[in-house]
2 protein chains.
Amino acid sequence: MMPQDEKRFQEKIRAIQDTMFVIGGKWKIPVILSVYRGNRRFNDILASIPKITNRVLSKELKHLEENLLISRTIVSKYPVRIEYTVTDYCLSIDKVAKPMEEWGKGHKKKISKQS
Amino acid sequence: MMPQDEKRFQEKIRAIQDTMFVIGGKWKIPVILSVYRGNRRFNDILASIPKITNRVLSKELKHLEENLLISRTIVSKYPVRIEYTVTDYCLSIDKVAKPMEEWGKGHKKKISKQS
DNA sequence: GATACCTGTATACAAAAGGATACTTAAAAT
DNA sequence: ATTTTAAGTATCCTTTTGTATACAGGTATC
């Protein structure tokens, strides 16, 4: 039998790996933030995130849609016009994104200080 | 000139990408947690994290050491014995890891509910 | 009729991350 | 003398991620 705290440790690992699967990688949170910020159209999102390419953006949007964080709506058929918006559920990401933002800012200072 | 909030948005993105660079990926936080938990020796850490391999662990430890989160000490030369410990600075990761753990647990429920 | 706009997809490729397995070095245990 | 242990490294391979560029399909504009 596995000790209680060992079991809890394994669950912790799994939960964090699940989170990483959904919002990990270089682009997923930036895409969410961009849409959250008001960029609803593909090319606007594309332009708002430095160095992202259309292929990567397309894939990330699909992944986020599958994970219920972004919704995609066809607002006009001719011409094709799509709108991306964040879901209500997506707002929960803020609880993770905010700490990450703060930690990143602090880390930059830390690293530049030691040199 | 870029508007103020646009500039702040770009900084946000960069901060999050910096964080992702340091602790992103499948294994980095699990490794930190394992060491924090008391696993100090290579093979103990290896055994504590399901499915990680020695090659990957070796690389992750090096990366974490370079980013001041883990420290590596040679405790005995013959035989070689190394000890890994978390740095004081590493404790700041908890501010990110905890929300990720919670979000991951909630997400699993969310996904299983919709099916 | 030619060209540009929008929202992507298709193709080809390069780089990074992750995985499987064997090996090393030197001491300690049997 | 052989095996085991510790802490990795070396080699090769697969998968994922990212990049570059071209193209599609339909509308609108010149």
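Hydrogens, waters and symmetry mates are skipped; everything else that's a heavy atom, side chains included, is used. In what follows, chains are A, B, ... by sequence order, proteins preceding strands, each numbered from 1. All values derive from a computational prediction rather than experimental measurement.
- A:H63 pairs by the ring pair (Phe, Tyr, Trp, His ring centres under 6.0 Å) definition with A:F21, not counting sequence neighbours.
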Between the protein and nucleotides 10-14 of chain C, are there any N/O to N/O pairs under 3.5 Å, and if so, what are the atom names and distances?
residue, atom, partner, partner atom, Å
C:dT11, O4, A:R55, NE, 3.1

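- A salt bridge is absent between B:E60 and B:R55; no separation between the charged side-chain nitrogens and carboxylate oxygens falls under 4.0 Å.
- Spacing between atom NZ of B:K51 and atom C1' of C:dA17 amounts to 17 Å, rounded to whole angstrom units.
- We find the CZ-OG distance between A:F9 and B:S34 to be 4.5 Å, quoted to the nearest 0.5 Å.
- Near-neighbour residues of DNA chain D inside residues 56-63 of chain B, defined by a heavy atom below 4.0 Å, number-ordered: B:S58, B:K62.
- Residues B:H107 and A:T19 are not in side-chain contact: their nearest non-hydrogen atoms beyond the backbone lie 4.5 Å or more apart.
- When the C1' atom of D:dT9 is taken as reference, atom CZ of B:R72 falls 12 Å away, rounded to whole Å.
- Among the heavy atoms of the strands, none lies under 4.0 Å from A:F21.
- To the nearest angstrom, C1' of D:dT19 lies 16 Å from CD1 of A:I49.
- Scored by the salt bridge (Lys or Arg N to Asp or Glu O under 4.0 Å) test, A:K98 finds A:E101 as partners (sequence neighbours excluded).
- Contacts between residues 23-48 of chain A and DNA chain D, defined by a heavy-atom separation below 4.0 Å, involve A:K26, A:W27, listed by number.
- Annotation for A:R37: atom CZ counts as buried by contact number, over 12 foreign heavy atoms lying within 6.0 Å.
- Inter-residue side-chain proximity for B:R72 and B:I82 is flagged as met; some heavy-atom pair is nearer than 4.5 Å.
- Around the OH atom of A:Y89, the shell of radius 6.0 Å holds more than 12 heavy atoms that belong to other residues, nucleotides or ligands.
- Qualifying side-chain hydrogen bond (donor to acceptor under 3.5 Å, both in side chains) partners for B:D18, counting only residues two or more places apart in sequence or in other chains: none.
- Using modelled atom types, one finds no donor on one side chain facing an acceptor on the other under 3.5 Å when comparing A:S71 with A:T87.
- For CG of B:D5, the number of neighbouring non-hydrogen atoms (other residues, nucleotides, ligands) closer than 6.0 Å is greater than 12.
- At whole-Å resolution of the value, CD in A:E65 and P in C:dT7 are 15 Å apart.
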